[in-house]
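Have a look at the structure below before the remarks.
Worth saying up front: this structure is predicted, and the values here are computed from it rather than measured. Chain letters run A, B, ... following the sequence lines, proteins first, then strands; residues in each count from 1. Every heavy atom of this structure was used, including side-chain atoms; hydrogens, water molecules and symmetry mates were not.
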Amino acid sequence: MPELAEVEYYRKQWDPGLGKKIVAVKIHAEKRLFREVDTRALVKLLTGATLKASLAHGKQMLFQFSTACLGVHLGMTGKLFAEKLPYAPDKHDHLVLETNRHALVFRDPRLFGRVRFDPGKELPAWWTALPPQVLDDDFNQDALAAFLNRRKKAPLKAVLLMQERFPGIGNWMADEILWRAAIHPAQPAGSLSARQTTCLYKEMKQVCRDAMEVIGTDWGDPPDSWLFNHRWQNGGLCPKTGKPLIREEIGGRTTCYSPTRQRR
DNA sequence: TCCTATGTTGTATG
DNA sequence: ACATACAACATAGG
């Protein structure tokens, strides 16, 4: 589920815990979410710790405690939320941090998410080494063009999903970007004209801004002028051409596009 | 029963 | 070493 803006939304769901002390940690330590995590250290260091701040970067989140940093990736089905106590955990609530008032819950039925844990208050190296965000100023058109050229044979759809260069972009955002830029998702990444590259660059930034504004703030409904509201319904029509949309597997993922608008 | 799912990673192949 | 393609991970819902 979660891409850039959804992650930002979920990050804020633990805000009720900011400045509060964690009095209990409930964890399903055997789940693969915690692979490579020292779960005993996690429980020990977070119990009694204070939640100081949280950050989001693409699909990654970082929660800074007085004693340690907790990294969270939501995978496909993960979500974060806070509930007033008393709270009875669901079977898929694999990490629950309790303050005196709230349960901060990480739920993930499919277990494609991931938790990291780093003792100490300093930002861990894996976090500081993350690539520039699409909305950062140092994400520029030259960097985009260079990356597209390096992946020149791969379908654009697959390239846009590469987190090493486009952190936060996921399946629906990639489709939305290519649809707005009027570029076919199967077009090889190295085959864009200069005009197309410029257009792709602008729409990439714009979709990120729009998503953050509409979804990242309070998960509002995207307007019908986006592809978003039409892409999963059978018989969906392109909001720009009025013609039928197509769903097809491209780059290993189900892809929705408007064949009359996005030509090869 | 079968198919799908807003994600990543390991492995095989070129 | 690098780029590309795809199965695997685990569960729920249509």
Side-chain angles (χ1 to χ4, degrees), chain A residues 1-11 13 28-37 56-61 71-80 89-95 106-116 126 129-131 134 146-180 185-191 204 207-208 210-212 214-216 219-222 226-236 245-257:
Chain A
M1 180 117 110
E3 303 179 22
L4 181 76
E6 293 90 347
V7 169
E8 170 60 9
Y9 173 82
Y10 282 127
R11 179 190 67 80
Q13 301 312 299
H28 297 163
E30 77 287 359
K31 298 295 184 186
R32 67 190 299 273
L33 285 180
F34 301 103
R35 57 194 181 277
E36 295 168 47
V37 169
H57 182 119
K59 298 176 187 173
Q60 309 276 350
M61 286 176 285
V72 177
H73 189 293
L74 297 171
M76 192 89 94
T77 53
K79 55 182 62 174
L80 301 185
D90 174 86
K91 66 172 171 174
H92 299 305
D93 294 346
H94 303 303
L95 181 65
F106 176 22
R107 174 179 296 175
D108 185 6
R110 280 177 78 183
L111 295 169
F112 289 176
R114 179 171 185 174
V115 170
R116 303 191 200 232
W126 65 265
L130 290 171
V134 175
F147 190 76
L148 295 181
N149 205 40
R150 189 146 65 83
R151 308 295 187 146
K152 53 174 156 292
K153 296 265 186 67
L156 263 171
K157 172 61 184 279
V159 175
L160 291 192
L161 294 176
M162 294 178 178
Q163 300 300 297
E164 67 204 80
R165 177 47 72 184
F166 310 114
I169 292 184
N171 205 25
W172 81 254
M173 291 182 80
D175 284 358
E176 187 79 30
I177 290 164
L178 291 168
W179 172 74
R180 291 197 195 183
Q187 189 170 332
S191 71
M204 193 174 278
V207 167
C208 287
D210 289 350
M212 286 301 244
V214 172
I215 298 167
W219 207 305
D221 288 328
W226 295 15
L227 178 64
F228 187 96
N229 286 348
H230 311 269
R231 50 180 278 120
W232 289 129
Q233 68 196 49
N234 289 321
L245 295 165
I246 283 185
R247 279 198 303 267
E248 183 179 326
E249 182 156 315
I250 298 176
R253 304 293 298 280
T254 301
T255 298
C256 177
Y257 66 100

Choosing from [options], which nucleotide comes nearest the side chain of [X]?
X      : options              : answer
A/W232 : C/dA3, B/dA5, C/dA12 : B/dA5
A/P155 : C/dA12, C/dA5, B/dG7 : C/dA5
A/P109 : B/dG7, B/dT4, C/dA12 : C/dA12
A/K59  : C/dA12, B/dT8, C/dT4 : B/dT8

Whom does B/dT6 pair with, Watson-Crick or G-U wobble, provided both distances fall under 3.5 Å? none

Tell me the partner of C/dA3, counting only Watson-Crick (N1-N3 plus N6-O4 or O6-N4) or G-U wobble (N1-O2 and O6-N3) with both under 3.5 Å; none if nothing fits.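 By the stated definition (distances under 3.5 Å), B/dT13 pairs with C/dA3.
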
Whether the side chain of A/R110 and the base of B/dA5 hold a donor-acceptor pair under 3.5 Å is what I'd like checked.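 It does, because a donor-acceptor pair links the side chain of A/R110 to the base of B/dA5 below 3.5 Å.
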
Give A/P188 one of three labels, base, sugar-phosphate or nothing, depending on what nucleic acid heavy atoms sit under 4.0 Å from its own.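 No contact.
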
What does A/G170 touch in the nucleic acid at a heavy-atom separation under 4.0 angstrom: a base, only the sugar-phosphate, or nothing?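 Answer is sugar-phosphate: A/G170 comes under 4.0 Å of backbone atoms only.
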
How far, in whole Å, is C/dA10 from B/dT11 if one measures between their P atoms?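 The same atom, P, in both gives a distance of 15 Å.
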
Determine the interatomic distance between P on B/dT6 and the same-named atom on C/dT4; round to the nearest Å. 22 Å

Integer-rounded Å distance: [N] [atom2] and [X] [atom1]:
X      : N      : atom1 : atom2 : answer
A/L111 : B/dA5  : CG    : C1'   : 15 Å
A/L161 : B/dT9  : CG    : C1'   : 14 Å
A/F34  : C/dA10 : CZ    : C1'   : 15 Å
A/K31  : C/dC9  : NZ    : P     : 15 Å
A/E6   : B/dG7  : CD    : C1'   : 13 Å
A/N234 : C/dG14 : CG    : P     : 14 Å
A/W172 : B/dG7  : CH2   : C1'   : 16 Å
A/N149 : C/dT4  : CG    : P     : 11 Å

Under 6.0 Å from the six-membered ring centre of A/W232 and within 45° of its axis: does the NZ or CZ of A/R247 meet both? no

Are the aromatic rings of A/Y10 and A/W219 close, with centres under 6.0 Å apart? yes

On the nucleotide [N], are OP1 or OP2 found under 4.0 Å from the side-chain N or O atoms that [X] carries?
X      : N      : result
A/T77  : C/dA12 : no
A/R114 : B/dT9  : yes
A/H92  : C/dT11 : no
A/Q163 : B/dT8  : yes
A/K91  : C/dA12 : yes

To the nearest 0.5 Å, what is the distance between CZ (A/R253) and CG (A/D175)?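 So the CZ of A/R253 and the CG of A/D175 are separated by 9.5 Å.
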
If you take all heavy atoms of [X] and [Y], which pair is closest and at what distance?
X      : Y      : result
A/M61  : A/W126 : O-CH2, 4.3 Å
A/D108 : A/G78  : OD1-N, 3.5 Å
A/T77  : A/L111 : OG1-N, 4.4 Å

Find which nucleotide of DNA chain C each of A/R32 and A/K152 is nearest to by heavy atoms, and output the residue with the more 5' nucleotide.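 The residue closer to the strand's 5' end, by nearest nucleotide, is A/K152.
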
Between the base of C/dC9 and the ring of A/F112 - centre-to-centre under 5.5 Å, planes within under 30° - is that a stack? yes

